[in-house]
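Taking it in order: structure first as structure tokens, then the write-up.
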Amino acid sequence: MGMITRTIKRCTCHSRTASRFHAFSTAFPVRSRLSDTASTRKYSQNVKNASCNAGNHRPKKSSKPSHALRIGYRSPTLNDLALAKRFFDESQTYHAGSLSPANVPFDTTIPQVAFAGRTNAGKSALLKALIPTMETIRPSKKPGFTRKVYFYGVGNRPGRELVMSDLPGYGYGSTTEQGCLILEYLRSAANLKMVYILLDSRVLEMPSDKQVVELLSTYGIAWQLVSTKFDRARVGNPQPLLDLLMRFSKASRKGAMGASDRYYKDEVIVTSSKTMAGIDELKWSIMRNCGLVSE
Ligand SMILES: Nc1nc2c(ncn2[C@@H]2O[C@H](COP(=O)(O)OP(=O)(O)OP(=O)(O)O)[C@@H](O)[C@H]2O)c(=O)[nH]1
Ligand SMILES: [Mg+2]
């Protein structure tokens, strides 16, 4: 297992930007913009078998076990998913430390991915679904429950390991201090290969998420959307997710200020920590983003 080093430094991030983080959602009422009609409920079945293509946004039936709506990426095969599951099942998992405002940045030579999102989006629950043996991961219905950045390592030998970080949420119930911590972590994280932005399927987008996308692109950090709590979704078809991806891609380009680099993946992974839908798919995506499997 590779060594993870942590250097101690005080949080010096700009408090105005940080307060934007926690002020985001209180200003906007949480309301599903999706209707719950009989036809829309079919999506739940469709998405279980569907992989959706950019040129054809309608879900199509397929025997592929995909929970991702993707554009331009190959679906994982059953073998890929089995490989990803085996890697997570057979690896050692360990609590690799935590960050509070007093001790950023966190430095590691191991590839890492982060789970970001509004408070209550389901970040900790998703981490728990990925590595159920980690008893220290604590989901909670109380918004703002995760107050530090927590790191979890998964791996079995040098070169075959990765770190996942559970970030505090932004928006309702969060604090300026947490916003500051998130910013400082993102700004300084070594080897950060992907930030998964989690969106509750029932709420989908809030302005704060778009601002995060812009911010990540400003920092030159890759991001990807994960829709959570799919077991409770009232989404009738994948179109809203694809529209959202389109809008976020635009925000990303704005954040990147016209830079030609693309900082996002045209892919939304649909998950439920309760039914475990999409979890193997997410495992494979994490491995792929950390360079442990080929694209
Ligand atoms: N039904 C269902 N509930 C979920 C799912 N994922 C999370 N939840 C519930 O949603 C609530 C919030 O989950 P957390 O994982 O703690 O959310 P978080 O994003 O870590 O929240 P903060 O730490 O406050 O930022 C908890 O009550 C979870 O049990 C899911 O896939 N399905
Ligand atoms: Mg949490």
Side-chain angles (χ1 to χ4, degrees), residues 1-4 47-52 62-70 72-97 108-116 122-139 150-167 189 191-198 222-231 265-295:
M1 201 66 59
M3 277 298 295
I4 294 175
V47 81
K48 284 186 179 125
N49 304 311
S51 85
C52 196
S62 143
S63 58
K64 282 178 190 152
S66 174
H67 285 81
L69 310 168
R70 63 168 55 74
Y73 296 94
R74 78 172 173 88
S75 299
T77 61
L78 281 173
N79 278 347
D80 291 330
L81 295 181
L83 180 145
K85 182 176 183 326
R86 212 167 42 244
F87 172 76
F88 274 76
D89 284 353
E90 293 174 2
S91 288
Q92 281 180 43
T93 52
Y94 59 101
H95 182 221
T108 176
T109 53
I110 303 172
Q112 57 170 318
V113 295
F115 290 81
K123 300 176 289 298
S124 304
L126 201 58
L127 255 300
K128 186 94 186 162
L130 289 165
I131 40 173
T133 50
M134 283 308 311
E135 281 165 11
T136 50
I137 304 175
R138 295 185 48 209
Y150 291 95
F151 298 95
Y152 300 96
V154 181
N156 40 31
R157 63 185 151 83
R160 293 289 293 169
E161 54 191 336
L162 55 91
V163 167
M164 302 187 291
S165 58
D166 184 10
L167 303 188
N191 255 331
L192 181 57
K193 303 296 184 195
M194 181 60 67
V195 174
Y196 290 99
I197 302 176
L198 273 53
W223 59 269
Q224 175 165 355
L225 301 180
V226 173
S227 137
T228 59
K229 308 189 190 182
F230 181 64
D231 56 291
K265 277 219 153 136
D266 283 331
E267 184 178 66
V268 185
I269 300 180
V270 182
T271 65
S272 164
S273 307
K274 196 165 178 192
T275 64
M276 301 297 274
I279 298 299
D280 288 345
E281 178 102 25
L282 182 60
K283 287 176 181 169
W284 188 73
S285 162
I286 293 168
M287 290 184 72
R288 190 185 60 186
N289 289 326
C290 288
L292 300 188
V293 292
S294 52
E295 293 271 338

**Message:** Contact between Trp284 and Leu282 at the side-chain level, heavy atoms closer than 4.5 Å - yes or no?
**Reply:** no
**Asked** Does Leu167 offer a backbone N or O that forms a donor-acceptor pair with the side chain of Ser165 under 3.5 Å?
**Response** no
**Message:** Within the 4.5 Å heavy-atom criterion, are Ile279 and Leu130 side-chain neighbours or not?
**Reply:** yes
**Request:** In sequence, state the C-alpha distance, the side-chain angles, and the governing distance for Glu267 and Arg288, and then conclude on salt bridge (Lys or Arg N to Asp or Glu O under 4.0 Å).
**Result:** CA-CA 13 Å; Glu267 184 178 66; Arg288 190 185 60 186; 2.9 Å; yes
**Message:** Assess, by modelled atom type and distance only, whether the side chains of Thr93 and Thr133 contain a donor and an acceptor separated by less than 3.5 Å.
**Reply:** yes
**Prompt:** Counting only heavy atoms not in Arg160, do more than 12 fall under 6.0 Å of its CZ?
**Reply:** yes
**Message:** Do Phe87 and Asn156 have side chains that approach each other closer than 4.5 Å (heavy atoms only, starting at C-beta)?
**Reply:** yes
**Message:** Tell me if the centroids of the rings in His95 and Tyr152 come within less than 6.0 Å of each other.
**Reply:** yes
**Item:** Side-chain donor or acceptor of Asn289 paired with backbone N/O of Lys193 under 3.5 Å
**Value:** no
**Request:** Nearest 0.5 Å please: distance from the CG atom of Leu225 over to the NZ atom of Lys265.
**Result:** 13.0 Å
**Prompt:** Is a donor on one side and an acceptor on the other found under 3.5 Å between the side chain of Tyr196 and the backbone of Ile286?
**Reply:** yes
**Prompt:** Sub-3.5 Å donor-acceptor pair from the side chain of Lys283 to the main-chain atoms of Phe88, do we have one?
**Reply:** no
**Request:** Measure the CG-OG distance between Leu162 and Ser91 for me, rounded to the nearest 0.5 Å.
**Result:** 7.5 Å
**Prompt:** Can you check whether Gln224 reaches Ser285 side chain to side chain, under 4.5 Å on heavy atoms?
**Reply:** yes
**Message:** Looking at Glu281 and Lys85, is there a salt bridge between them, counting it only when a charged N and a carboxylate O are closer than 4.0 Å?
**Reply:** no
**Request:** Using only heavy-atom distances, determine whether the side chains of Asp231 and Thr275 contain a donor-acceptor pair under 3.5 Å.
**Result:** no
**Asked** Just wondering, do Ile131 and Met164 contact through their side chains at under 4.5 Å, heavy atoms?
**Response** yes
**Message:** Check this for me: does any side-chain nitrogen of one of Asp89 and Arg86 sit under 4.0 Å from a carboxylate oxygen of the other?
**Reply:** no
**Request:** Mind listing the closest non-hydrogen atom pair of Val113 and Cys290 along with its distance?
**Result:** CG1-SG, 3.8 Å
